[in-house]
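Order of the sequence lines sets the chain letters (A, B, ...), proteins ahead of strands, with each chain counted from 1.
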Amino acid sequence: MTLKLPIYMDNNATTRCDPRVVEAMLPYFTEKYGNAASRNHAFGWEAEAAVEDARAQVATIIGASPKEIVFTSGATESNNLALKGVASMYRKKGNHIITAVTEHKAVIDPCKRLERDGFQVTFLPVDRYGQVHPEQVAEAITPQTILVSIMAANNEIGTLNPIREIGRICKEKGVLFHTDAVQAVGKIPIDVNEMGIDLLSMTAHKLYGPKGIGALYVRKKDPRVRLDPIIDGGGHERGMRSGTLAVPLIVGFGEACDIARREMPEEAPRLLQLRERLRQGIMSRLEETYINGHPTERLPGNINLSFAYVEGEALMMGIKDVAVSSGSACTSASLEPSYVLRALGVGDELAHSSIRFGLGRFNTQEEVDFVIEQVVKAVTHLREMSPLYEMARAGIDLKSVQWAAH
Amino acid sequence: MAYSSKVLDHYNNPRNVGSFSTADPNVGTGLVGAPECGDVLKLQILVNPETGVIEDAKFKTFGCGSAIASSSLATEWLRGKTIEQALAIKNTEIVEELALPPVKVHCSVLAEDAIKAAIKNYQEKQAARQSKEAKPEAVGV
């Protein structure tokens, strides 16, 4: 079998929609196009039934009940609804929220807005692997704390947080616990009851479903979580999120969850094996290559590596047939290196040298082997061109050099 | 962001990668940028002290494709130029030649800084050498 180029290895950004998912969605565009809120004719009933089937599929993958699923446009909206909805509803109870510095911007920015609106937000630091420790959460909780929001798995470095332990602490202290589980759902087992999760954000496009549809899990009992909606209108989704339901997308989301849940027992070990093959293949052949994030407590398909003396964007140009991401400033609009890598204490020079490889359902071993070759070739080429490599080779301590920072 | 064909060409076939010995008095070295900023450019010129003409130029760059292309282009332009002509090279000319987008303009600035730093280094070395040679006579007087 010949390789088809370019190779997609950026599955933490988004995933290819599984053809089985597309197949399931198609009838809901052209034949079964009813509005799920139309209560008085067959078109509406048919759409509603499909939505309820999908709701059950989405609920099952996180061990929830279908009534606890609120469909949204995606995880950004889910995070906004969870944070702002809880803050507004529980404002009389307290004004303190706890989160972490490595959260996705879709959590950090709503938190910053809440700060401007008078809430107090604690941004917990993380350890060198990117993990939040449960004790940190316990210590940060005050009588004013209404919500803890800690992600299940980090999008850049793949590090998993001890969600179960954090959930237990929140339960003990009577504080609501939200987790952005966008990267985790469908990749690792998640059970909202076992893990003490009260609110959970997820999205379809990270698990081989369509873009534009997500969900927020909102616990219904022990405790019953209440939310102020951020979108008002026709009162859909039990008033928590108005707007006509995107039936084809919801059907696709449900199907994607169902496939991910059924195939996880085979898929997760396969991705882990591919990831380790990639990591070992690269690290055994290139000196001074470092793992960003936790060596073992990480998503099966994610590996984030820094290649000393080589800049990330230049490396991406060198492996142009492979689609990956970099934490380098040059790849960001802000010209700042990744705030996640900075939070781990990874030096800026290594943050500029980082590449995120995101393996997914459709990657093959052949592709992994091709990527190893490409990366080794490009890094070697760029190091030959790098003054830093030359200086390090000559025994110069780069930290002792007086750089003209600009 | 798509790269211009000229950036890609310099990235794929960089001209004049390498190093001269800094011990050579006719070599000027410019090292600009910082690792934590994501780009470091080392640019060297080999000057004929008789004519003041840059006979050869070499570079090594840690940085993005545009930084590599800017340095590669700079070495091409430097060869055969006099010091005065080299000092007249403007970063805007590099931007234009490589069709760099606004976000990459700093790469060209860095290249211009490296040219100036290399020339300054060369001139300082030459001045130091002349004063050294001049010293015995001065003692004689």
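Enclosure of atom NZ in A/K320 is not indicated, since only 12 or fewer non-hydrogen atoms of other residues, nucleotides or ligands lie within 6.0 angstrom. Within 6.0 Å of OH on A/Y129 lie no more than 12 heavy atoms contributed by other residues, nucleotides or ligands. Atom NZ of B/K90 sits in a crowded spot, with more than 12 heavy atoms from other residues, nucleotides or ligands closer than 6.0 Å. Atom CD of A/Q402 has 12 or fewer neighbouring heavy atoms from other residues, nucleotides or ligands inside a 6.0 Å radius. No more than 12 heavy atoms of other residues, nucleotides or ligands sit less than 6.0 Å from atom CD of B/E96.
Residues A/L382 and B/F62 are not in side-chain contact: their nearest non-hydrogen atoms beyond the backbone lie 4.5 Å or more apart. Contact annotation: the side chain of A/E390 approaches that of B/K60 to within less than 4.5 Å [non-hydrogen atoms, C-beta and beyond]. Contact check for B/T61 versus A/M385: no side-chain heavy atoms found under the 4.5 Å cut-off.
Summarising the geometry, atom SG belonging to B/C37 is positioned 10.5 Å from atom CD belonging to A/E349; distances are rounded to the nearest 0.5 Å.
Counting heavy-atom pairs under 4.5 Å between each of A/L388, A/L398, A/D348 and chain B puts A/L388 at the top.
What you find for B/C64 and A/E311 is that their closest heavy atoms are CA-OE1, 3.1 Å.
A salt bridge does not link A/R342 to B/E36: none of the charged nitrogens lies less than 4.0 Å from a carboxylate oxygen.
For residues 40-50 of chain B, the interface with chain A (any heavy-atom pair closer than 4.5 Å) comprises B/V40, B/K42, sorted by residue number. When the heavy atoms of residues 7-29 of chain B are compared with those of chain A, the residues falling under 4.5 Å are B/V7, B/L8, B/Y11, B/P14, B/V17, B/S19, listed by number.
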The test is side chain to side chain contact (heavy atoms under 4.5 Å, CB included); show your working for B/L31 and A/W403 and say whether it passes. CA-CA 8 Å; B/L31 183 67; A/W403 299 103; 3.8 Å; yes

